[in-house]
Engineer: 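Got a structure for you, written out below as structure tokens; questions coming shortly.
Numbers for residues simply follow the sequence, beginning at 1.
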Amino acid sequence: QVQLVESGGGLVQAGGSLRLSCAASGRTVRAFAMGWFRQAPGKEREFVAAIKWNGDTTLYADSVKGRFTIARDNAKNTVYLQMNSLEPEDTAVYYCATDRDAWRAVLVTTTWEYNYWGQGTQVTVSS
């Protein structure tokens, strides 16, 4: 069993930055890709970014490409999401999640490919 806890959310003005963290406990997640998703009110949960188990490959949604950066520190069992140039459209609850398959060669973007989820952290961007 893996427990994921997100932190770092908050209220920020448009153009500002936030850094989200996702700390895993229960067991190491170094064998699993990690993903960030978000869900705005009234909308479905959507893919934001993912990072391969070894950190050498990343993938981003088109809407955040060039503004967000995902990173991981396997020694700390933690994944990060650096968010720059934030826009009001980025307002959502942000969730981290673990890929259900260890050592997967490719990154996946659908929610059903991830089996452990955190409780989420709210990000609100004001205009």
Engineer: According to a 4.5 Å side-chain heavy-atom criterion applied to Ile, Leu, Val, Met, Phe, Trp and Tyr, with indirect links allowed, do Y80 and V64 form part of one hydrophobic cluster?
Structural biologist: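 No; tracing contacts between hydrophobic side chains, which count when under 4.5 Å, never links both residues.
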Engineer: With side-chain contact (heavy atoms from CB on, under 4.5 Å) as the test, would you mind laying out the steps for T121 and V93 before giving the verdict?
Structural biologist: CA-CA 5 Å; T121 186; V93 177; 6.0 Å; no
Engineer: Decide yes or no on side-chain contact (heavy atoms from CB on, under 4.5 Å) for T28 and N74, but give the supporting numbers first.
Structural biologist: CA-CA 8 Å; T28 178; N74 284 340; over 6 Å; no
Engineer: Mind checking what makes salt bridge (charged side-chain N to carboxylate O under 4.0 Å, His left out) contact with R67, not counting sequence neighbours?
Structural biologist: E87, D90
Engineer: Is the shortest side-chain heavy-atom distance between L4 and V2 below 4.5 Å?
Structural biologist: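 Yes - at least one pair of side-chain heavy atoms lies under 4.5 Å apart.
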Engineer: Examine distances only and state if a side-chain atom of E6 and a backbone atom of G120 form a donor-acceptor pair shorter than 3.5 Å.
Structural biologist: yes
Engineer: Within the structure provided, determine whether C96 and V79 are in side-chain contact (heavy-atom separation under 4.5 Å).
Structural biologist: no
Engineer: Do we see a donor-acceptor contact under 3.5 Å between the side chains of T124 and Q122?
Structural biologist: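 There is such a pair (donor and acceptor under 3.5 Å, judged by atom type) between the side chains of T124 and Q122.
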Engineer: Quick one: closest heavy-atom pair of D56 and K52, and the distance?
Structural biologist: OD1-CD, 3.4 Å
Engineer: Starting from W53 and following side-chain heavy-atom contacts under 4.5 Å between hydrophobic residues (I, L, V, M, F, W, Y), which residues can be reached?
Structural biologist: W103
Engineer: Tell me the closest heavy-atom pair linking L81 and A49, and the distance in Å.
Structural biologist: CD1-CB, 4.2 Å
Engineer: Does N77 reach the main-chain N or O of V29 with its side chain, forming a donor-acceptor pair under 3.5 Å?
Structural biologist: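 Yes.
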Engineer: Do F47 and Y94 belong together in a cluster built from hydrophobic side chains that touch within less than 4.5 Å?
Structural biologist: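 No, no single cluster joins them.
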Engineer: Without swapping roles, check the side chain of Y116 against the backbone of A24 for a donor-acceptor pair under 3.5 Å.
Structural biologist: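 A pair under 3.5 Å: no.
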Engineer: Do T78 and R72 touch side chain to side chain, with heavy atoms closer than 4.5 Å?
Structural biologist: no
Engineer: Is it the case that R45 places NZ or CZ above or below the six-membered ring of Y95, under 6.0 angstrom from the centre and within 45 degrees of the axis?
Structural biologist: yes
Engineer: Determine which pairs satisfy side chain to side chain donor-acceptor pair (under 3.5 Å) with at least one residue from residues 7-17, sequence neighbours left out, and list them in order.
Structural biologist: S17-N84
Engineer: Testing the basics here: between T58 and I70, what is the closest heavy-atom pair and its distance to 0.1 Å?
Structural biologist: CG2-CG2, 3.6 Å
Engineer: Evaluate M34 against D99 for side-chain contact (heavy atoms from CB on, under 4.5 Å), listing each step before the verdict.
Structural biologist: CA-CA 6 Å; M34 299 292 293; D99 190 332; over 6 Å; no
Engineer: Which atoms form the tightest heavy-atom contact between L107 and I51, and what is the distance?
Structural biologist: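 Heavy atoms of L107 and I51 come nearest at CD2-C, 3.5 Å.
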Engineer: Quick one: does V123's side chain get under 4.5 Å of R38's, heavy atoms only?
Structural biologist: no
Engineer: Do we see a donor-acceptor contact under 3.5 Å between the side chains of T98 and N115?
Structural biologist: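 A donor-acceptor contact under 3.5 Å links the two side chains.
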Engineer: Nearest 0.5 angstrom please: W36 CH2 to F68 CZ, how far?
Structural biologist: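 The distance works out to 11.0 Å.
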Engineer: Can you give me the closest heavy-atom contact between T111 and W117, atom names plus distance?
Structural biologist: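 So the two residues come closest at O-CZ2, 3.6 Å.
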Engineer: Of the non-hydrogen atoms in S127 and P88, which two are nearest, and what is the gap between them?
Structural biologist: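 The pair with the smallest heavy-atom distance is CB-CG, 3.9 Å.
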Engineer: If you take the centroid of each ring, where Trp contributes its six-membered ring, are Y114 and F37 closer together than 6.0 Å?
Structural biologist: yes
Engineer: For the CG atom of L20 and the CG atom of L18, what is their distance to the nearest 0.5 Å?
Structural biologist: 6.5 Å
